[in-house]
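Working notes for the structure below.
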Amino acid sequence: MNILAELQNRFRTALQGLVDDPTELLAMVRPSQDPKFGDYQANFAMSLGKRLGRPPRDVATEVAARLAIDDLCDPPEVAGPGFINLRLKTGWLAGAVSTALASERVGVATADPPRTYVVDYSSPNVAKPMHVGHIRSTVIGDVLKHTLRFLGHTVISDNHIGDWGTQFGMIIYGYKHFLDRPAYESRSVEELGRLYRVVNRLVGYYAAKESLPKLREQIEKQRAAVAAQAQVVPSGDKAADKNAAKALRRGESNLQELEASRAALAASIAEIDHDPHLSKLAQAHPDIGRDVLAETAKLHQGDAENLKLWSEFLPACLADIERIYQRLGVTFDVTLGESFYHDRLAGVVDDLLKRKIATISDGAVCVFNEGQAAPLIIRKQDGAFLYGTTDLATIQYRVETWSPDAVLYVVDHRQGLHFEQLFAAAKRWKPEYARLELQHISFGTVLGDDGRPFKTRSGDTVGLWGLLDEAVRRAHEVVSTGDDAKPGGPEISAERRQQIAEVVGIGALKYADLANNRTSDYTFSYDRMLAMNGNTATYMQYAYARVLSIFARGGVEIGALREQAAAIELGHPAERGLALSLLQFSEALEQTMAEYRPNFLTAYLFEVANRYSTFFEQCPVLKAPSEASRTSRLLLCDLTARTLKQGLALLRIDVVDKM
RNA sequence: GCGCCUGUAGCUCAGGGGAUAGAGCAACGGUUUCCUAAACCGUAGGUCGCAGGUUCGAAUCCUGCCAGGCGUACCA
């Protein structure tokens, strides 16, 4: 049941004859912000009155009179300049609660028509351990997948892993030169990770050394420019002087940035120079940058040795990321990485050239799209393919294989331009791609307390496994402290505490990410995410556990009670408020998927949990004033628990029966 | 330079044409003979970056400016 959609239908009928297309007006029917204006309100009479040249209140009164709605609502009220306020009949709400209780899907309608979605998310480079930067894509993508599926759509989740890039060239180079054989045989993943880090640092060392003089030159130039700008004598022309001052400020801040990157480069060079072991390795491998690229190229050209090494490394790398996914409860329908598309790349480039969509510019094959400053490059001067090539081949494969209506790419906002170019190129490529909904589901960066991208104190990226451990460790502390403080003494075994901590810790981490508007950056904080009240997973899980506690305490067989289909009573405002919220689940999910924004769902669940807490305080359940009231309240508890559990399940967060 | 994003309470963030701008944290004050006080109820706290404009109505849309982040032809 979607109440809002039903009300909009009624208004659509009522508006017939008054306007040709009421769609725009119906978007102005919405839940009321303040209960004193009813449960829902229609705000279109003001603009409609204007359009018809009639007083808005007259229009509102006329529409309200035409509205056939007395099965659902009390008589509509026209208020203020022409708001139409609607209050649902409490008896109708009670009936709707009964219907939702009897439904497996807690009253959520399925989408009509269902569509087919490919959701592309997580997509780490498998040659290195997953880090904090992968969390948002993985968590958000997984929610979109499960929510779309719950709404009745067909969804294919695809982990488009990086399994074919320079990182593997690095590991291959490391394997050939720096391998610790015993370590590789006992703990291959760790050893491959070490090889990657060593080679990466050495490559970075030489790259830094090479770019340092250029950077110094740039700094000198910038310094001179700033000095010149500072010499400019005020002309007396206000606008010109303001611009000059602005240019000076900008120049100075550019200079500062350049200085900072120079310092960072110098520091990373010094680090290796001062490390006897690494500096020796660096001296022994002066051409490591070029050689790594050569190993990568050999792999791509089908070199037998490198291909063999690659296929030996890959399972270990996959097992490593799989460990994380298992802990997070994330699964993919397919995992088709870059290597999977390797054979198609040349064909893609040829086809685009043949169709004259791609052209050769400076020796590179490019797709120039109208209105875009830079082209999508699909083959480099040296003949190598790029990720744009792979992305086009991937679209081709997905259309051939699943004929989706939409493909969602859950990727951070810095790749916005790439997707703009990619989508434009794809839509020009073949007519059937023009009809495809291609969406970049963009999200912001995870920041630390300092407002900079989240790093460890020493400046390294934060590994995802350690991040999960820390969240769980802190959750364990909270769970233990809480249980120890229970009036009757601790109730939960050590083993069970650990299980609860895992659920609470991981849930907190996921929820904190999802509750933020995905388009903005978000500031990471263990303390905030694990807070027991406020908009956190823990608060939701707690509300759920309290429901189950009532059932346990009262020896209630809730399944049997549900079968009886007893009447629902909503006499108390807290009962009515809770019931209304519970019935808005469908609306919340629809709103969430309309913009692919999980924070609408978290906001909804927070409201349900809040209203449940109020209900819990004000309406005794086991000691309700009458048997009928007790039954009705138990059923409200039941629907609350099931709605919270279902909503959290869509967010990929578990619940526990005791905490 | 150009493009995209952001600027809302002390802090972290919702809301993105509709009535008096919300929540949590932090602060202050209340509530436990009662189903989990990991809770609830209340008080205080705001030129919605600034200036114009559009509109019956602007935090929300448009223009300009200020501040920050990110991106910007052969990495992904």
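Chain identifiers are assigned alphabetically (A, B, ...) following the order of the sequence lines, protein sequences preceding nucleic acid strands; residue numbering begins at 1 within each chain.
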Report summary line: Picking from B:U6, B:U36, B:C13, the nucleotide nearest the side-chain atoms of A:Thr519 would be B:U6
Query - Whole angstrom value for the distance that separates P of B:C75 from NE2 of A:His300 - result: 13 Å
Query raised in the report: How long is the line joining CZ of A:Arg633 and P of B:C34, in whole Å?
Result: 18 Å
Query raised in the report: How far does the C1' atom of B:C13 sit from the matching atom of B:C28, given to the nearest Å?
Result: 23 Å
Report task. Have a look at A:Asn610 and say if it touches a base, only the backbone sugar-phosphate, or nothing, with a 4.0 Å heavy-atom cut-off. Result -> sugar-phosphate
Report summary line: Tightest non-hydrogen contact, residues A:Glu295 and A:Ile172, listed as OE1-CG2, 3.9 Å
Report task. Look at all strands and tell whether A:Glu338 reaches a base, only sugar-phosphate, or nothing, counting heavy atoms closer than 4.0 Å. Result -> sugar-phosphate
Query raised in the report: Do A:Tyr387 and B:A76 share a donor-acceptor pair, side chain to base, under 3.5 Å?
Result: yes
Query - Paired nucleotide for B:G22 [Watson-Crick or G-U wobble; both distances under 3.5 Å] - result: B:C13
Query - Under-3.5 Å donor-acceptor pair between A:Thr481 side chain and B:A38 base - result: no
Query raised in the report: Taking for each residue the nucleotide of RNA chain B with the nearest heavy atom, is it A:His413 or A:Phe385 whose nucleotide lies nearer the 5' end?
Result: A:His413
Query raised in the report: Has the side chain of A:Asn85 got a donor or acceptor atom sitting under 3.5 Å from an opposite partner on the base of B:A19?
Result: yes
